[in-house]
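Quick notes on the structure that follows.
Computed from a prediction, not measured in an experiment: that's the story for all the values here.
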Amino acid sequence: MIDSRRADIIGRRIKELRQERKLTQPQMGKLFDFSVSRLSQYEWGDFTPPFDLLMHFAEFFKVNHAWIMGVPNAPKILPPAENTIMKFEALCPIIEARAMELDIWLTQETRRKAAGFLIDNFPDILETYQSNLDVIDSTIIVKGKRL
């Protein structure tokens with residue numbers, strides 16, 4: 001369940017996206033097949049859209065789904081894929097090295113998830129690598145458990 005503060009953020013972002021596209025509530029309701037009153041409830045944070053609808057919003061408005069969902073530090077617009085691939089290729093060895101320093105064994109899947117999380121939520125992670133070691137560590141260690 002999403003808390004009310006997060007629902008407010010999601011609502012404001014949906015409204016912002018709708019207004020940027022100069023869509024009225026009835027137009028957006030028709031595009032996504034729901035009523036104006038439901039859209040109003042989403043925008044006011046009274047209800048949170050289901051995850052699949054949030055993903056449709058992200059795709060339609062060409063924005064980062066994490067940004068719509070109010071993830072801290074998530075960029076509104078994702079960088080081009082080639083930038084993400086370069087970051088991914090640079091981060092994987094860093095994550096692996098930090099995991100080894102912490103005596104944690106990573107599978108390929110957990111390394112991929114950690115790199116993806118860092119790229120989505122900390123787009124400047126490589127530029128500020130030394131000051132972000134704690135972020136990398138917290139990505140590797142979840143609630144004190146090994147991935």
Side-chain angles (χ1 to χ4, degrees), residues 1-23 25 27-29 31-34 38-39 41-147:
M1 172 118 189
I2 296 180
D3 63 42
S4 63
R5 195 177 112 216
R6 180 72 51 95
D8 289 340
I9 292 169
I10 291 169
R12 284 194 309 270
R13 291 185 175 176
I14 291 169
K15 183 176 182 178
E16 177 184 325
L17 293 170
R18 178 180 61 77
Q19 290 176 336
E20 284 176 357
R21 282 277 182 105
K22 299 184 184 344
L23 292 171
Q25 285 184 333
Q27 289 170 327
M28 188 159 163
L31 278 170
F32 292 97
D33 195 30
F34 50 74
R38 179 55 71 176
L39 177 57
Q41 291 169 330
Y42 292 156
E43 289 184 356
W44 280 96
D46 295 335
F47 288 95
T48 303
F51 181 76
D52 61 329
L53 183 56
L54 289 172
M55 296 303 286
H56 288 299
F57 289 159
E59 185 178 333
F60 177 81
F61 292 109
K62 297 184 181 4
V63 296
N64 181 1
H65 68 279
W67 176 83
I68 290 177
M69 291 188 280
V71 173
N73 302 318
K76 183 175 181 178
I77 306 297
L78 290 173
E82 55 272 3
N83 293 353
T84 303
I85 292 168
M86 286 181 0
K87 285 183 180 183
F88 181 81
E89 289 173 349
L91 275 173
C92 279
I94 295 168
I95 291 168
E96 185 65 33
R98 290 300 290 170
M100 289 173 71
E101 288 175 18
L102 297 167
D103 196 29
I104 297 172
W105 182 81
L106 297 176
T107 65
Q108 185 174 7
E109 178 68 11
T110 54
R111 189 171 41 252
R112 183 192 64 74
K113 285 181 180 178
F117 174 83
L118 290 170
I119 291 167
D120 286 347
N121 295 288
F122 302 93
D124 62 342
I125 188 91
L126 291 171
E127 290 79 18
T128 58
Y129 166 66
Q130 286 301 320
S131 63
N132 279 314
L133 287 178
D134 59 329
V135 173
I136 292 172
D137 291 346
S138 67
T139 301
I140 295 169
I141 300 172
V142 179
K143 295 183 183 173
K145 297 179 183 175
R146 295 171 189 247
L147 294 175

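- A distance of 10.5 Å separates CE of Met28 from CD of Gln19, quoted to the nearest 0.5 Å.
- Of all non-hydrogen atoms in Leu91 and Ala115, the two that sit nearest each other are CD1-O, 4.1 Å.
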Inset, instruction - Apply side chain to side chain contact (heavy atoms under 4.5 Å, CB included) to Ile77 and Asn64, showing your working. - result: CA-CA 5 Å; Ile77 306 297; Asn64 181 1; over 6 Å; no
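- Phe57 pairs by the ring-ring contact (aromatic ring centres under 6.0 Å, His included) definition with Phe32, not counting sequence neighbours.
- Rounding to the nearest 0.5 Å gives a distance of 14.0 Å between OH of Tyr42 and CZ of Arg18.
- Closest approach of Leu17 and Lys76 over heavy atoms only: CD2-CE, 4.0 Å.
- At a threshold of 4.5 Å between non-hydrogen side-chain atoms, the residues Glu96 and Leu106 count as touching.
- The two residues Leu39 and Gly29 have their closest heavy-atom pair at CD2-N, 4.4 Å.
- Within the model, atoms CE of Met86 and CD1 of Ile119 stand 10.5 Å from one another, a figure rounded to the nearest 0.5 Å.
- Taking the charged nitrogens against the carboxylate oxygens, Arg112 and Glu109 do have a contact shorter than 4.0 Å, which makes a salt bridge.
- With a 4.5 Å cut-off on side-chain heavy atoms, Leu53 and Phe34 count as touching.
- His56 contributes atom NE2, which lies 7.5 Å from atom CD of Glu59 (distance to the nearest 0.5 angstrom).
- Residue Gln108 qualifies as open at atom CD: its count of foreign heavy atoms under 6.0 Å is 12 or below.
- Between Arg6 and Pro72, the closest heavy-atom pair is NH2-CD, 4.4 Å.
- The shortest heavy-atom contact between Pro49 and Ile14 is CG-CD1, 3.6 Å.
- Remark: the backbone N or O of Ile95 is not paired with any side-chain donor or acceptor of Arg111 at under 3.5 angstrom.
- Arg21 has its side chain out of reach of Gln27: every pair of non-hydrogen atoms, C-beta onward, lies at least 4.5 Å apart.
- Note that the NE2 atom of His65 and the CZ atom of Phe51 stand 5.5 Å from one another [nearest 0.5 Å].
- Across every non-hydrogen atom of Ala7 and Thr48, the tightest pair is CB-OG1, 3.4 Å.
- The number of heavy atoms from other shown groups lying within 6.0 Å of CG (Asp52) is above 12.
- The side-chain heavy atoms of Trp44 and Lys15, taken from C-beta on, include no pair separated by under 4.5 Å.
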